[in-house]
Amino acid sequence: MKKLFAFLLAFLCLFLTACNQNPADSTTGTGTDNSQNVGTVNELELKDTIMFPQTYDFINLPSRIIYEKSGMVYYYSKADGYAYVYCFDPLCEHEGGYCLANPDLLSFENTFFINNRFYYHTGFGQIVSFSFDGMDKKIEYDAEYETSVGVWGHSFAVGPYFYIELRSYGSEDGKAHTLRFNVETGEMEDLTEKTGNYMYPTFFYNGMLYGYDQGSGYLKADLDLNSCEEIERIPYSPYYSESCFYSIVRDQDGSMKVRVYDMKTETFQYCEIPGLENRAAMFYIDENYIYFCQHEVIYLGDYWFKNELRPYNKTNNGSIYRINLDGTGLVCIYEEDDFEITGKVAVIAGDKILIEGRNVIVRDNQVETWDSGVLVGTIGADGKIDSLDPVEVVE
């Protein structure tokens with residue numbers, strides 16, 4: 001979702017005069033809400049707490065949830081429950097590639113929220129930042145590469161540091177390097193050149209980075225890559241709470257279990273989930289519960305696509321389940337035969353849940369869908385969700 005031409009045009013334009021309320025957002029980076037977190041220097045001192053900066057279909061900030069639908073970026077307000085186009089210019093028509101609501105400009109890949117600003121890196125060596133409302137947009141760093149070929153790849157952020165992979169065909173020695181940009185000082189460092197070490201970071205825990213080398217090895221390193229040692233691969237996942245990673249796995253006997261890996265004790269724990277028959281797809285975790293759906297292929301019928309009939313298979317039955325972190329207390333909190341979950345992640349804010357999905361039925365022997373996109377529901381006191389409806393957009 002990154003188009004060079006559109007991005008360069010954006011830098012040449014002064015735009016976005018505030019028209020909606022747009023207070024600054026910040027993020028705590030707890031790791032349990034799948035947020036874009038990155039945090040502050042003090043958060044580097046967090047003890048026994050995983051930090052896993054990861055991009056998803058949602059950017060979860062304290063007051064808003066940002067998402068994309070049909071080629072437009074929106075934000076859902078946690079205060080009033082409505083969604084708005086992610087643009088604060090009252091005269092903007094949201095067209096032509098200049099608008100902040102254009103997903104080519106606010107890409108959900110390699111974008112992080114650090115110290116109340118968005119930071120984004122392009123493949124061709126630029127780091128760009130802007131405030132929540134798009135004002136004060138500026139190029140923080142420019143490597144001034146002579147080619148627009150994507151020589152910067154994977155990125156990872158923790159504290160004030162923005163780690164970037166310099167791909168092998170972009171470096172002088174033909175090897176991948178780990179770069180680090182300090183958003184507070186504006187300093188760019190080539191850590192591989194300094195230390196001789198390279199890492200592709202995946203998560204942070206207790207002052208250390210964990211990630212891959214250029215082969216299949218797994219590494220543990222300090223933030224400066226001075227100490228970089230090969231270790232056994234950590235069974236990490238994007239679903240975690242405090243010092244533990246959570247996954248739902250199928251055991252050799254066919255039963256489904258919650259697998260917990262505790263970074264603090266370096267031990268596994270397996271908790272069987274009674275009554276769960278199909279493979280589960282997790283999409284949210286908080287300090288109390290795991291939320292998931294069951295993966296099962298359900299053939300509904302055929303649908304028209306580009307003047308030909310194709311089979312339509314639902315990948316789940318549309319039900320949402322919740323269990324305790326220890327695998328007990330399995331409950332179906334939403335059940336609708338005509339519903340299908342299409343997203344890989346959800347966001348829960350207060351008593352609201354946002355998830356991507358659609359309604360699907362067979363009419364006259366053909367499959368029809370409606371209400372496709374981001375849906376919102378209210379979680380009742382009993383944990384149940386009565387309905388999931390399209391987020392209401394205020395034009």
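Values below: all heavy atoms of this structure, side chains included; hydrogens, waters and symmetry mates excluded.
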Test side-chain hydrogen bond (donor to acceptor under 3.5 Å, both in side chains) on D213 and Y218 and set out the steps. CA-CA 6 Å; D213 60 19; Y218 202 72; over 6 Å; no

How far does [atom1] of [X] sit from [atom2] of [Y], to the nearest 0.5 angstrom?
X    : Y    : atom1 : atom2 : result
Y284 : I353 : OH    : CD1   : 9.0 Å
I66  : L61  : CD1   : CG    : 5.0 Å
K344 : F283 : NZ    : CZ    : 14.0 Å
W152 : H177 : CH2   : NE2   : 14.0 Å
Y236 : Y210 : OH    : OH    : 13.5 Å
E340 : S319 : CD    : OG    : 12.0 Å

Looking only at heavy atoms, which two atoms of [X] and [Y] are closest? And how far apart?
X    : Y    : value
K352 : Y76  : CG-OH, 3.8 Å
S243 : K264 : OG-CB, 3.9 Å
E184 : P160 : CD-CB, 3.7 Å
Y163 : L223 : OH-O, 2.7 Å
H121 : G153 : NE2-O, 2.9 Å
S255 : D253 : OG-OD1, 2.7 Å

Could you go step by step and tell me if K138 and V128 meet the side chain to side chain contact (heavy atoms under 4.5 Å, CB included) rule? CA-CA 6 Å; K138 56 186 176 182; V128 183; over 6 Å; no

Could you walk me through whether Y246 and I290 pass the side chain to side chain contact (heavy atoms under 4.5 Å, CB included) check? CA-CA 9 Å; Y246 292 81; I290 296 170; 4.0 Å; yes

So do the side chains of [X] and [Y] get within less than 4.5 Å of each other, counting heavy atoms only?
X    : Y    : result
V360 : Y312 : yes
F156 : T202 : no
Y67  : N60  : no
F58  : V345 : yes
N313 : I298 : no
I323 : V258 : yes
F204 : F52  : no
D382 : I333 : no

Does the [X] side chain pair with the main chain of [Y], one donor and one acceptor, at a distance under 3.5 Å?
X    : Y    : result
D222 : L225 : yes
Y261 : I234 : no
T192 : D190 : no
N278 : E296 : no
S237 : Y239 : yes
N316 : C293 : no
S77  : G81  : no
N182 : G186 : no
K175 : Y169 : no
H154 : P201 : yes

Linked, directly or transitively: [X] and [Y] (ILVMFWY side chains, under 4.5 Å):
X    : Y    : answer
F268 : F203 : yes
F339 : V331 : yes
I361 : L300 : no

Can we call the ring centroids of Y75 and Y84 under 6.0 Å apart?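 Centroid separation for Y75 and Y84: below 6.0 Å.
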
Indicate, with yes or no, if the rings of F112 and F162 have centres closer together than 6.0 Å. yes

Could you give me the CA-CA distance, side-chain angles and deciding distance for D371 and R358, then say whether salt bridge (charged side-chain N to carboxylate O under 4.0 Å, His left out) is met? CA-CA 5 Å; D371 286 347; R358 59 177 165 236; over 6 Å; no

Do [Y] and [X] meet the salt-bridge criterion of a basic N to acidic O distance under 4.0 Å?
X    : Y    : answer
E189 : R180 : yes
D251 : K257 : yes
E308 : R310 : yes
D136 : R117 : yes

As a quick check of understanding, evaluate side chain to side chain contact (heavy atoms under 4.5 Å, CB included) for F245 and M263, giving each step before the final call. CA-CA 8 Å; F245 286 112; M263 290 289 297; 4.0 Å; yes

Examine the side chains of [X] and [Y] and answer whether a donor and an acceptor come within less than 3.5 Å of each other.
X    : Y    : result
D337 : N317 : no
R64  : Y86  : no
Q366 : Y303 : no
E140 : S129 : yes

Take atom NZ in K78; do more than 12 heavy atoms of anything else shown fall under 6.0 Å from it?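 Yes - once you tally the heavy atoms of other residues, nucleotides and ligands closer than 6.0 Å, there are more than 12.
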
Heavy-atom count check: over 12 atoms from other residues, nucleotides or ligands less than 6.0 Å from E229 CD? yes

Passes side chain to side chain contact (heavy atoms under 4.5 Å, CB included), K47 versus N206? Steps please. CA-CA 6 Å; K47 183 70 174 173; N206 275 359; 4.0 Å; yes

Check residues 385-395 and write down every donor-acceptor pair under 3.5 Å in which the side-chain atom is one partner and the other belongs to a residue at least two apart or another chain.
residue	atom	partner	partner atom	Å
S387	OG	D389	OD2	3.0

